Amino acid sequence: MAKGASGIFELVKTVFYALLIAAVFRTLLFQPFWIPSGSMKPTLLIGDFLFVNKFAYGYSQHSCPFSLCPFSGRILASEPKRGDVIVFKHPRTGEEYIKRLIGLPGDRVAMRDGVILINGAPVRLEVRPNFVEPNVSQALQTNPGLPACINNPAVGADCEKRQFQETLPGGVMHAVLDVRPGLNDSMDEEVVPPASYFFMGDNRDNSQDSRVPQRRGGVGFVPFENLIGRADRIIFSSAGDSLLTFWDWRSDRFFLGVD
């Protein structure tokens with residue numbers, strides 16, 4: 001083989017092995033995930049970058065890119081825990097969502113005026129200092145579909161939102177936002193089906209989650225098979241539109257654990 005051809009072959013082989021290793025890493029171990037929306041504020045912010053722990057609950061067809069794993073059900077399965085922050089495939093659309101696990105199989109879940117009831121017992125909510133969102137945009141001021149700020153700020157000023165600490169059965173504590181009464185603050189009791197889960201966003205005013213049935217554009221109940229993995233730690237975070245704008249980096253969120 002000519003020297004030039006040999007060099008090209010070695011390059012192709014190196015690239016092939018690198019792609020193969022990356023594919024195995026992404027399929028079996030960790031999947032990168034950017035936070036695209038504010039549905040999990042204040043726990044996760046738009047621009048947070050994390051790796052999803054894919055071996056936390058075992059593997060399903062959705063563990064492979066484009067859901068191409070050639071088997072059904074779940075292998076090496078481990079049950080998720082209430083309070084875990086989980087990436088999953090929407091049961092109807094196939095989009096990837098990230099929410100907090102609230103209801104386990106067999107749980108009776110309801111909401112009354114913004115308070116979750118699990119098996120008839122209300123979840124404890126404690127008032128915490130307001131969540132401050134810097135530099136509120138014109139869209140937040142004028143779009144009635146977005147949660148209001150309680151301090152009515154001018155454009156470019158900070159937006160304050162009511163924040164609470166929620167304690168789930170089992171002791172998991174996390175922050176939630178609930179600025180104003182909304183349609184999803186109350187929900188009739190539903191029983192979580194076998195091998196399915198009930199999820200909610202921590203930003204209760206701005207999350208299409210299991211409170212909303214799939215027929216109305218929500219998530220509904222999520223089958224165990226649709227779980228991709230658990231969000232454990234934020235690796236990087238930026239408030240800007242580009243990684244190059246280092247002045248927008250949120251260095252205080254680098255390597256921050258997801259609670």
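As the structure is a computational prediction, the values presented were derived from the model and not from experiment.
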Is it true that [X] and [Y] fall in one hydrophobic cluster, defined by side-chain heavy atoms closer than 4.5 Å?
X      : Y      : answer
Leu256 : Val87  : yes
Tyr57  : Val52  : no
Met187 : Val192 : yes
Ile35  : Met40  : yes
Phe131 : Val127 : no

Cation-pi, Phe224 ring and Arg74 (6.0 angstrom, 45 degrees):
yes

Is any side-chain heavy atom of [X] less than 4.5 Å from a side-chain heavy atom of [Y]?
X      : Y      : result
Ile118 : Val123 : yes
Phe254 : Ile235 : no
Pro36  : Ile46  : no
Leu76  : Phe55  : no
Leu168 : His174 : yes
Pro80  : Leu227 : yes
Tyr197 : Lys99  : no
Arg250 : Leu45  : yes

Heavy-atom pair with the smallest gap, counting every atom of [X] and [Y]:
X      : Y      : answer
Pro91  : Val222 : CG-CA, 4.2 Å
Pro223 : Ser196 : CA-OG, 4.0 Å
Ala231 : Ile98  : CB-CD1, 4.0 Å
Gln163 : Pro129 : NE2-O, 2.7 Å
Lys161 : Cys159 : CE-SG, 3.7 Å
Arg211 : Arg204 : NH2-O, 3.2 Å

Test item: [X] side-chain N/O and [Y] main-chain N/O as donor-acceptor pair under 3.5 Å:
X      : Y      : answer
Ser60  : His62  : yes
Arg162 : Asp178 : no
Asn206 : Ser39  : no
Gln214 : Val219 : yes

Which distance, rounded to the nearest 0.5 Å, do you find between the [atom1] of [X] and the [atom2] of [Y]?
X      : Y      : atom1 : atom2 : answer
Ile86  : Ile228 : CD1   : CD1   : 11.0 Å
Gln31  : Lys54  : CD    : NZ    : 4.5 Å
Ser207 : Tyr97  : OG    : OH    : 9.0 Å
Asn226 : Gln61  : CG    : CD    : 7.5 Å
Arg100 : Ser210 : CZ    : OG    : 14.0 Å
Ile102 : Phe199 : CD1   : CZ    : 9.5 Å

Does any donor atom in the side chain of His90 or Glu95 lie under 3.5 Å from an acceptor atom in the other side chain? no

Taking the six-membered ring for Trp, are Phe51 and Phe49 ring centroids under 6.0 Å apart? yes

- prompt: Does Arg82 come within less than 4.0 Å of Asp107, counting only side-chain N to carboxylate O?
  reply: yes

Exercise for the section: State plainly whether the residues Arg108 and Glu190 are in salt-bridge range, i.e. N to O under 4.0 Å. Expected result: no

Glu160 meets the side-chain hydrogen bond (donor to acceptor under 3.5 Å, both in side chains) criterion, sequence neighbours left out, with Asn130

(request) Applying side-chain contact (heavy atoms from CB on, under 4.5 Å), run through Met111 and Asn184 and close with a yes or a no. (result) CA-CA 8 Å; Met111 286 200 74; Asn184 296 330; over 6 Å; no

side-chain hydrogen bond (donor to acceptor under 3.5 Å, both in side chains) test vs Thr43 passes for just one of Asn203, Asp202, Asp259, Asp48, namely Asp202

Excluding Val132, membership of its hydrophobic cluster (Ile, Leu, Val, Met, Phe, Trp, Tyr; side-chain heavy atoms within less than 4.5 Å) reads none

Decide if atom CG of Asp252 counts as having more than 12 heavy atoms of other residues, nucleotides or ligands within a radius under 6.0 Å. yes

Note to self: Are more than 12 heavy atoms, taken from residues, nucleotides or ligands other than Arg124, located less than 6.0 Å from that residue's CZ atom?
What the structure shows: no

Kindly indicate, with the supporting measurements, whether the criterion side-chain contact (heavy atoms from CB on, under 4.5 Å) is fulfilled by Phe255 and Phe236. CA-CA 7 Å; Phe255 305 106; Phe236 175 83; over 6 Å; no

For this session: Starting from the C-alpha separation in whole Å, work towards a yes-or-no answer on side-chain contact (heavy atoms from CB on, under 4.5 Å) for Phe198 and Leu101.
Result: CA-CA 6 Å; Phe198 185 98; Leu101 177 56; 5.8 Å; no

I'd like to know whether Val258 forms a side-chain contact (heavy atoms from CB on, under 4.5 Å) with Val85, so could you lay out the CA-CA distance, the side-chain angles of the two residues, the decisive distance to 0.1 Å, and finally the verdict.
CA-CA 8 Å; Val258 177; Val85 177; 3.8 Å; yes

